[in-house]
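What follows is a single structure, written as structure tokens, with notes after it.
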There are 2 protein chains.
Amino acid sequence: MSEARATTDTRERILDAAERLFMESGYEGTSMRMITGAAGVNLAAVNYHFGSKEALLREVFRRRLAWLNKERLRLLDDMEAQAKGEPLKPSAILEAFFGTLLHMGTDESLGGMTFLRLLGRTLTEPADFIRTFFAGEYAEVVDRYKRALFRALPDVPHEEIIWRFHLMLGAMSYAIAGTDALQVVTGCELDLKNEGPQAAELLSARVMPFLLGGLRAPLPQFVTKQEQQHQSEPDKAA
Amino acid sequence: MSEARATTDTRERILDAAERLFMESGYEGTSMRMITGAAGVNLAAVNYHFGSKEALLREVFRRRLAWLNKERLRLLDDMEAQAKGEPLKPSAILEAFFGTLLHMGTDESLGGMTFLRLLGRTLTEPADFIRTFFAGEYAEVVDRYKRALFRALPDVPHEEIIWRFHLMLGAMSYAIAGTDALQVVTGCELDLKNEGPQAAELLSARVMPFLLGGLRAPLPQFVTKQEQQHQSEPDKAA
DNA sequence: ACTTGGTTCAAACGTTCGTTTAAATCATAT
DNA sequence: ATATGATTTAAACGAACGTTTGAACCAAGT
């Protein structure tokens, strides 16, 4: 009846191995034999402890997203309490949402860069059960942050805010996930995975200005019918 | 010896079916039997006409990327010829690079939205042969556009431009690929796949301002050591 | 000492995978 | 008509897949 020590050892060895292998080879590209081999446990251990390969993937994410979701909600709650009813600054909202994510990359006990890259890559996995799972895991947090952005940008149509939220998620995911997928396309070392804990801070410094710039960009012409010219003149980065 | 008509029929039926199925289920998640079944051809036809499943994927992309690469280079050549040695405007460069891509979404003979979404999703596939393939296919075009951006933004460090190029690619890929992956996360219909030809123009109007805003955002503080304050004040979209 | 319940183990399960084979079929040229 | 080379076909290949089984093992409680 009591929890034997070897039990949690085996479970966590499997979760760690699966986290790394799913990141490197994707869900379909990773076999149970690869996972149990890397974890140094018996092939049947995954089905015994988790039930199935699908359930294993869900647990890999659940143990990390539990912290991420809680922290994101806590930060938003704190900021809203301190603002006493006033709308938050968009930059503060983004800092809370994406900064929390990037912080996980600096802390090995939260999964480190391995989990960050896994998360970025898995968001595009086409398998139905994965999409369903993420929808459930993200629903509450995304809804809260969406509403905070609505209040922070009262003059911007909600649909436009959702689009830009979407685009920011995409840019951030690629910045993390595609580190070697697209750096070979861009043909330049983007020096991420060798930096260890500082990697996430470098990432943050590079990505956050980009996201804010995108979020605050002029609205598309068909949204603001008036004054549709002269708004994209200064063709220069600061 | 002569090219029988049925030959190109079978080849193209396979390519069309594979394009759609790879988009819906990913490379590993799509079996040869799914492809040949959907195409209405014999199971052995893929290996006969293309050699292997990997070679089929490469051909699926090659027939589309041939046009895309040529068009992107042609537009850049035209603009540079017209500029007579002057640097191009960043917005014109982005319009050529991403506008060409989005144009494919409006033209069914270029693959339409199916290919666009396939492209966006496949950039994150972890399989080695896919990454190698894309690196080769994209190398020339990315290098040319990278250099055009360097000239267009002479005050921005090259590394920063590459990063933002990377981020723009990510945002664009997600905007296209994630239409149902992340719209379920953001919890809102992003009305894309039901729009047909207009979808790409809607996408363009929404995404291009975001990309330009990101590209022209203030540089991160550790790059411009001087005047690191007061540059992120106007917390409002236009 | 013996039972008990949780855990590990080697082995096998049936299925599906990508690929190959050899015969059948088709279109064309002589 | 008949030979020829390209294409299609049904069937099978060995390998790898996720999962299941039943015995072995181990650390408790009595």
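Quick caveat, the model's predicted, so the values are computed rather than measured. Naming: A, B, ... by sequence-line order, numbering from 1 per chain.
- Using a 4.0 Å cut-off, no side-chain N or O of S31(A) falls inside it from OP1 or OP2 of dA16(D).
- By the side-chain contact (heavy atoms from CB on, under 4.5 Å) test, E80(B) pairs with L76(B), L88(B), R144(B), A148(B), sequence neighbours left out.
- Protein atom CZ of F50(A) is 16 Å distant from nucleotide atom P of dT20(D), rounded to whole Å.
- If L43(A) and R33(B) are placed on DNA chain D by their nearest nucleotide, the residue sitting closer to the 5' end is R33(B).
- Taking only side-chain atoms of Y48(B), from C-beta outward, the nucleotide of dG18(D), dT8(D), dG18(C) with the closest atom is dT8(D).
- Ring to ring, Y145(A) and F98(A) are not that close: their centroids are 6.0 angstrom or more apart.
- Between the CZ atom of F22(B) and the P atom of dG18(C) there is a distance of 9 Å, rounded to whole Å.
- Computed from coordinates, the Y27(B) OH to dC17(C) C1' distance equals 11 Å when rounded to whole Å.
- When rounded to the nearest whole Å, the span between NZ of K53(A) and C1' of dT20(D) equals 17 Å.
- Listed pair T10(B) / dT7(D) fails the phosphate criterion, with no side-chain N or O lying under 4.0 Å from OP1 or OP2.
- For H49(B), a side-chain nitrogen or oxygen approaches OP1 or OP2 of dT8(D) to under 4.0 Å.
- Here the nucleotide nearest the side chain of N47(A), chosen from dT7(C), dG18(C), dT19(D), is dT19(D).
- Across all strands, A44(B) comes closer than 4.0 Å to base atoms (heavy-atom distances).
- Note on T30(B): only backbone sugar-phosphate atoms sit closer than 4.0 angstrom, heavy atoms only; bases stay farther off.
- Taking atom CD of residue E28(A) and atom C1' of nucleotide dG18(D), one finds them 12 Å apart after rounding to whole Å.
- Closest to the side chain of N42(A), from the set dG18(C), dT19(D), dA10(C), is dA10(C).
- A close approach under 4.0 Å does not occur between any side-chain nitrogen or oxygen of S52(B) and OP1 or OP2 of dG18(C).
- The salt bridge (charged side-chain N to carboxylate O under 4.0 Å, His left out) with E19(A) is formed by just one residue from the set R121(A), R63(A), R117(A); it is R63(A).
- Distance, M32(B) CE to dC13(D) C1': 15 Å, rounded to whole Å.
- Between the side chain of K53(A) and the main chain of Y27(A), a donor-acceptor pair closer than 3.5 Å is present.
- The closest donor-acceptor contact from the side chain of T122(A) to the backbone of E125(A) lies at 3.5 Å or more, if one exists at all.
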